[in-house]
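Only this structure's heavy atoms are used, side chains among them; waters, hydrogens and symmetry mates stay out. Below, chains carry the letters A, B, ... as their sequence lines are ordered, and counting in each starts from 1. On a predicted model such as this, the values are computed, not experimentally measured, just so you know.
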Protein chains: 2
Amino acid sequence: MSSPEQASEPERVRAPNIRDVARVAGVSYQTVSRALNDSPSIRPETLARVQTAIEELGYRPNQAARALVTSRSRTIGVLAAQTVHYGPATSIQAIETAAREAGYRLSITNISSSEYASIKAGLDHLMAQSIEALIVIAPQVRVFEALNDLQVAVPFVTLESTGLNSAHSLWVDQIQGARLATRHLIDLGHTEIMHISGPQDWIEAEARMQGFLRELGDADLRTRAPILGDWTAHFGYYAGLELLRYRDFTAVFCGNDQMALGFMHACRESGLSVPGDMSIVGFDDIPEAAHFAPPLTTVRQNFAEIGRRAIEVLLGELRGDTELSHAPVQPELIVRQSTARLA
Amino acid sequence: MSSPEQASEPERVRAPNIRDVARVAGVSYQTVSRALNDSPSIRPETLARVQTAIEELGYRPNQAARALVTSRSRTIGVLAAQTVHYGPATSIQAIETAAREAGYRLSITNISSSEYASIKAGLDHLMAQSIEALIVIAPQVRVFEALNDLQVAVPFVTLESTGLNSAHSLWVDQIQGARLATRHLIDLGHTEIMHISGPQDWIEAEARMQGFLRELGDADLRTRAPILGDWTAHFGYYAGLELLRYRDFTAVFCGNDQMALGFMHACRESGLSVPGDMSIVGFDDIPEAAHFAPPLTTVRQNFAEIGRRAIEVLLGELRGDTELSHAPVQPELIVRQSTARLA
DNA sequence: CCTGCTGATGTGAACGTACACATCACCGGA
DNA sequence: TCCGGTGATGTGTACGTTCACATCAGCAGG
């Protein structure tokens, strides 16, 4: 029908490969490979010729082929339970950036529930991609079992836990953060302090609760059973409405800023002034917290730092550097206007 | 030193491959391949034998090899500017879930700035992974140029834009949402209405502004130049402090809920009651909005729905189904307590 | 009993790259 | 002059999978 030269559509345009580049540059394919992996033994002018050819053809290395032959996927897996919340989302963004700069890509899998089956399915999905390392941002109680069951052999770290399994954890010192928050309330003269915690299976919720209880214990104050919440503002609100029917406390330490927001809402509806009648401390310092009514006293965590460190530690392990610093990141108390001295 | 049987570490444990499975199952490797790709022509009992062998060896198909030979990466790329905000994060989570259920994985790349170079670098990083389809959640003005320059040939959709390029867009009808918000204020008797918009290069910010201006125009009301913000509560706060020095308006339509939160903060500091002295409408309906002081009237978008539809449309295109519905998702006005009839 | 067909299974490529090794030109020193 | 060494480049092979095709048994129809 038409001559090969002007064939318009018939033959599927194959992406150029290393041999096409070699032909154009007038070298062997191996030389092109060397140019791509910046081998020391290649003459500058040869390198230049190859680069010109690459440019001309719009050549891109085929990562699948590369992964196949090197058996390195250059992929880091992330198992996450909550990618919508500010904290995890911020960490993941930092992780992605750091990974990309190091030549790795990220594969994120969300688990919908903290059921063992769900965790296992997520992990399975990641392992099927032959990830080189794993980062877990999820309720970790059951994750360790799953890691075992699936015989996960890659380096991994869990974020935002508590050093429970310190060889594989990287964390903001949540216990310390909770102590800072609680101490702040005690210093203001409060003696009846309530705690609204995160879900029981989140280790970080557990850690914040521990810090709260220890600080109260150290001050010989009455401890009361913390309320187990779900991180949402809705929960904070409804828990607040319930709790405020008995006003037998003057301060609340909330497991995160969202629950604190909801609790403040409940205070308003119950006719309580914050901080006049009720002091409230949150945790996380989401960007909105400074604009709550009133601006929220809270504990700031550096989520991005945690993310960057996760990549740093994992890439280190992949290179064989063992014994990288797992020292916890220190949280910081940010005092705003939701807390006041007890009248 | 030691007999091969009890050799403990020396030889690197190679992951089992399709041939290992074949040997254990007593079939040829091709039969195993058929079992994996549920071919119709395989006897049930043979299939069972293969599955048993797979189980026994803990075999996982090597995705790199598969991708190499089929030249299908089973990867969908996401180019995102903001993965920390509630809207994009929610969409991405829905995208990930839908993609995973369809057997695809996601590769997310964050762009740090809306510079052309940054967009191009991000796109380049994705294309290098031979993604099969692309989803863009970013300021889109320059994205189209970059898509052109890089000769991106895969199906793609941009999220949350405005039908500007409707063949490739999937969007909540932002113009309609903005009109709903503005109409609500007009219906309450407001005639002097201000708008704090998102950044100029975000098409969705532009669309909300358009909706605002059109609705005002239709009502023959005075239009004033919108303030160009950056989506943050901080901006809303400082813009509010500035604007409230001249109280020549009685209502504000904010480009998103965060800026509305900041603006409410500025109102409090300026001694204005919301909604008594100032009515405020936001956009997005983040989960916290219901607990602001006062609870925020806003426009709800179904971010998850958008995400799911993105995958649906792209997978459809990959299968060859053209003409899938790109009909915009309708937003919904949620009236709470931050708006009131003009006294 | 042979032919042709169908369903089930096996064999030989090929995908695009990196590693191990081979080759080649060139150089300095005995 | 020859030798070994070195730096630059080329050739064969393997990675694990799927596709195209070949083979083989079983069965129905003439």
Side-chain angles (χ1 to χ4, degrees), chain A residues 11-51 53-54 57-75 103 105 127-132, chain B residues 11-51 53-54 57-75 103 105 127-132:
Chain A
E11 31 202 280
R12 193 97 194 88
V13 257
R14 188 178 50 77
N17 65 19
I18 207 176
R19 295 187 138 91
D20 298 322
V21 174
R23 198 174 318 117
V24 171
V27 296
S28 79
Y29 58 84
Q30 175 58 11
T31 302
V32 176
S33 176
R34 273 189 267 264
L36 293 173
N37 301 296
D38 41 44
S39 144
S41 61
I42 183 170
R43 275 192 314 169
E45 59 225 64
T46 312
L47 178 59
R49 272 225 309 289
V50 172
Q51 280 168 341
I54 287 176
L57 294 174
Y59 165 80
R60 282 181 220 279
N62 181 319
Q63 310 238 19
R66 198 172 258 191
L68 177 59
V69 72
T70 58
S71 57
R72 300 193 51 191
S73 64
R74 292 265 172 196
T75 299
R105 52 179 173 278
M127 294 312 294
Q129 298 170 46
S130 41
I131 54 173
E132 291 185 37
Chain B
E11 31 201 277
R12 193 97 194 89
V13 256
R14 188 178 51 76
N17 65 19
I18 207 175
R19 296 185 138 91
D20 298 324
V21 175
R23 198 174 317 116
V24 171
V27 297
S28 78
Y29 58 84
Q30 174 60 8
T31 302
V32 177
S33 176
R34 273 188 266 263
L36 293 172
N37 300 295
D38 41 45
S39 145
S41 61
I42 183 171
R43 274 191 313 170
E45 59 223 64
T46 313
L47 178 59
R49 272 224 309 288
V50 172
Q51 279 167 341
I54 287 176
L57 294 174
Y59 165 80
R60 281 180 220 279
N62 181 317
Q63 310 239 18
R66 197 173 259 189
L68 177 60
V69 71
T70 58
S71 59
R72 300 193 51 191
S73 64
R74 292 267 173 194
T75 300
R105 53 178 171 278
M127 293 313 294
Q129 299 170 45
S130 42
I131 54 173
E132 290 185 38

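Distance, Tyr59(A) OH to dG16(C) P: 10 Å, rounded to whole Å. Atom pair Arg60(A):CZ and dT17(C):P shows a separation of 13 Å (rounding to whole Å applied). Distance CG (Leu47(B)) to P (dA8(C)): 12 Å, rounded to an integer number of Å. One interatomic measurement links the two molecules: CG of Asp20(A) to P of dC15(C), which rounds to 11 Å at whole-angstrom precision. In this structure, the CD atom of Gln129(B) is 17 Å from the C1' atom of dG16(C), given to the nearest Å. Taking atom CG on Asn17(B) and atom P on dG16(D), their separation rounds to 5 Å, with Å as the unit. The nearest whole Å value for the distance from the CG atom in Asn62(B) to the C1' atom in dT17(C) is 14 Å.
Contact record, Val50(B) with Ala25(B): CA-CB, 4.0 Å, taken as the closest heavy-atom pair. Residue Gln129(A) comes nearest to Arg105(B) through the heavy atom pair OE1-CD, 2.9 Å, listed as atom of the first residue, atom of the second, then distance. Listed here is the closest heavy atom pair of Tyr59(B) and Pro16(B): CD1-O, 3.3 Å. Scanning all heavy atoms of the two residues, the minimum distance from Asn17(A) to Arg19(A) falls at OD1-N, 2.9 Å. Across every non-hydrogen atom of Ile131(A) and Ser73(A), the tightest pair is CA-OG, 3.8 Å. For the residue pair Arg74(A) and Glu132(A), the shortest heavy atom distance occurs at N-OE2, 2.6 Å.
For the atom pair OG1 of Thr31(A) and CZ of Arg49(A), the computed distance is 9.0 Å after rounding to the nearest 0.5 Å. Rounded to the nearest 0.5 Å, atoms CD1 (Ile18(A)) and OG (Ser33(A)) are 4.5 Å apart.
With hydrogens and angles ignored, the 3.5 Å screen pairs a side-chain donor or acceptor of Gln63(B) with a backbone N or O of Ala128(A). With hydrogens and angles disregarded, a donor-acceptor distance shorter than 3.5 Å links the side chain of Asn62(A) to the backbone of Ala64(A).
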Using a cut-off of under 3.5 Å, enumerate the N/O to N/O pairs linking the protein to nucleotides 25-28 of chain D.
none

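Heavy atoms of Ser71(B) sit nowhere under 4.0 angstrom from any nucleic acid atom.
DNA chain C is contacted by both Leu68(B) and Ser28(B); Ser28(B) maps to the nucleotide lying nearer its 5′ end (nearest heavy atom per residue). Between Ala65(B) and Thr31(B), the residue anchored nearer the 5' end of DNA chain C, judged by the nucleotide with its closest heavy atom, is Thr31(B).
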*Going 5' to 3' along nucleotides 18-26 of chain C, which nucleotides have protein heavy atoms under 4.0 Å from the base (write B), which only from the sugar-phosphate (write S), and which from neither (write -)?*
BBB------
*Pair Arg14(B)-Asp20(B), side-chain contact (heavy atoms from CB on, under 4.5 Å): steps then yes or no*: CA-CA 11 Å; Arg14(B) 188 178 51 76; Asp20(B) 298 324; 3.4 Å; yes
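Fit an axis to the five pairs at each end of the helix from dC1(C)-dG30(D) to dA30(C)-dT1(D) and the two axes sit 60° apart, to the nearest 10 degrees.
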